[in-house]
Amino acid sequence: MHEDQIRKLLDLLRYIIGILIVLLILLFGSTFYLYFNPDRLVPVRVGNNSDKQLQEKAEKTTLLNSELVEGAGLSAVLTNCTGCHSAKLIAQNRATREGWLSMIRWMQGTQGLWDLGENEEIILDYLATNYSPQKKGRRQNLGKIEWYVLER
Amino acid sequence: MDRRSFLNKVSAGSIATMIGVDIVFGSNMSSDYIPVIFEQDLYSVFGKHKDMIVLNDRPWNVEAQPHILDDRVTPANKMFIRNNGIIPSIKDSSDWELKIAGKSAKTSRSYSLEVLKSRFTKYTYQLTLECAGNGRSEFDPPAKGNQWTLGAVSCARWSGLRLRDLMEDAGYNADLVYIGYTGADTHLSGDPARDSISRGIPLEKAIQDETLLAYEMNGNDIPIAHGFPLRLVAGGWPASASGKWLDTLLLRNKVHDGEKMTGQSYRIPCETVEPGAKVADEDMCIIESMPVKSLITFPKSGAVIKRNETLPVRGHAWAGELAVREVQYSIDFGATWQKAKLESPVNRLAWQHFNAKIKFPRNGYYEVWARATDSNGKAQPMVLPGWNPKGYLNNACHRIAVKVE
């Protein structure tokens, strides 16, 4: 029993030393890495943004330019659609899910659009949710009237 | 989504194609530098009026608003742009050549721009060009494409030689039925083998006096956005028939079948259909003359006037191949109509100017509606005309809002 207890203590000691060695290696390694890559210490640095920030910035710029509404699937739309035409073309159109699908098929048949794979559902969901048709009837009210005094 | 592929998509190169101009050293641009020149630059790159509205920047589709179309002759800065592809980069036209080809051409040959300018009589006409899709935004159910409102129309002064004179000089066979064109613009996909648009006109339209191969617009070189250095101009027809950056004329012994001549493009159902109907390609017919239409260009919608004031109103009216016989206006939503003063066109296929002085019976909200009637007695509808799958030919009456206080 006594010998067994000593063996258990030795096993525990070996285990602790092992962990310490691993921690030391990690500490040295990261110090070494940061010595040569000091910019990793600065979380935000102009000119060297993280991918995520870059992506957000790019999306914002594209959004600004495209006026596409934010929503699930927007990235897939920007990636697959705006390589060939402006996002403005999407933003100004409205259609049912079926209508958007027929536009995609038309682009695939005549304009060289690739197979969208899994993205097709994502894109259709986005478009049908955010760009569905509005009822207009035979004539709408005059919208967005900016009143001004006519100078004589 | 794969982040890398997204970042690649918004590279400098794609931004360059988006704005339609080359960014010098674009490939050296760091990926976190995105130029802020998009929309603002339309106005400086093409010299457009600040009230022009960008519907699409790749390809460029830009429309005017009624109140900036008040000029009798549309200046370049207020002319709508409807492009199907990427504007070609043409800096020097001294070696520009127009090829004549097609089965009905006596011989295939080329004319230099210089020869076209020097050897043929120069004619000048003011010609109305309206996009067939002008007004598309109002259709219900909606039609796909650029959602033009009211401003895809212009009437500039075009100068050049008659297409007929060139056809006679080049020689054509008796079986000629259609003249197709190709231009130097690039397909959006960048594929050089594809035309972005290649439409045309039948023989009857081609031999009209006013059908020009134009090399000047309003007395200057044609602006690059509008077809420099050579453009076919077929007034009164969908503006897409008037090919820009013209490099080839195809003398065809059958109806031209180039890009956007076939299928559903620039076609309407041969027989009227219920809104939202699907129409087979073989039941679609090519649009020829545009329908009668008018636009109130003064005042801008939203004018507030005093009870004792008269409101001066003016605008233009046009009718495709025909002339406008009458323009009327209504201030009571069509219950009663009064005649506006209407001028004759400066030449056939030019828009006509109208004006009126309107008195209002009491204070309140009014709409001034204008309605033109063509020389065959057909008038503009007050509601939308027949629905068609691509949303063409909306010639419903234009109206402006007025308040009398």
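Everything quoted here is computed from the prediction, not taken from an experiment. Within every chain, numbering begins at 1; the chains are lettered A, B, ... in the order of the sequence lines, protein sequences first and strands thereafter.
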So, [X] and [Y], do they make that salt bridge, N to O below 4.0 Å?
{"X": "A/R97", "Y": "A/D125", "value": "yes"}
{"X": "B/K48", "Y": "B/E63", "value": "no"}
{"X": "B/K278", "Y": "A/E98", "value": "yes"}

Of the listed residues ([options]), which shares the most heavy-atom pairs with chain A below a 4.5 Å separation?
{"options": "B/I400, B/V383, B/N56", "result": "B/N56"}
{"options": "B/N146, B/N61, B/L188", "result": "B/N146"}
{"options": "B/E367, B/E405, B/E259", "result": "B/E367"}
{"options": "B/G190, B/S189, B/P299", "result": "B/P299"}
{"options": "B/A303, B/S137, B/P142", "result": "B/A303"}

**Prompt:** Angle class for the A/W147/B/Y365 ring planes (parallel below 30°, perpendicular above 60°, tilted otherwise)?
**Reply:** perpendicular
**Asked** What distance do B/F80 atom CZ and B/N134 atom CG have between them, rounded to the nearest 0.5 Å?
**Response** 7.5 Å
**Prompt:** About how many Å separate CZ of B/F139 and CD of B/Q147, when rounded to the nearest 0.5 Å?
**Reply:** 10.5 Å
Using heavy-atom distances under 4.5 Å, tell me whether [X] contacts chain A through its side chain, its backbone, both, or neither.
{"X": "B/L55", "result": "both"}
{"X": "B/R399", "result": "both"}
{"X": "B/K300", "result": "both"}

**Item:** Flag for A/W114-A/N80: side-chain donor and acceptor within less than 3.5 Å
**Value:** yes
**Asked** Can you tell me if B/R267 and B/Q264 form a side-chain donor-acceptor pair at under 3.5 Å?
**Response** no
**Message:** Give the interface residues of residues 11-21 of chain A toward chain B, defined by a heavy-atom separation under 4.5 Å.
**Reply:** none
**Prompt:** Does A/R94 count as lying over the ring of A/Y131, i.e. NZ or CZ under 6.0 Å from the six-ring centre, within 45 degrees of the axis?
**Reply:** no
**Asked** Relative to chain B, which segment of A/L142 carries a heavy atom at a distance below 4.5 Å: side chain, backbone, both, or neither?
**Response** both
**Prompt:** Which region of A/Q111, side chain (C-beta onward) or backbone (N, CA, C, O), has a non-hydrogen atom less than 4.5 Å from a non-hydrogen atom of chain B, or is it both or neither?
**Reply:** both
**Item:** Trace of the side-chain contact (heavy atoms from CB on, under 4.5 Å) decision for A/Q92 with B/K144
**Value:** CA-CA 9 Å; A/Q92 55 171 315; B/K144 75 171 176 126; over 6 Å; no
**Request:** Would you check, one step at a time, whether the test side-chain contact (heavy atoms from CB on, under 4.5 Å) holds for A/I90 with A/H85?
**Result:** CA-CA 9 Å; A/I90 306 167; A/H85 60 74; 3.6 Å; yes
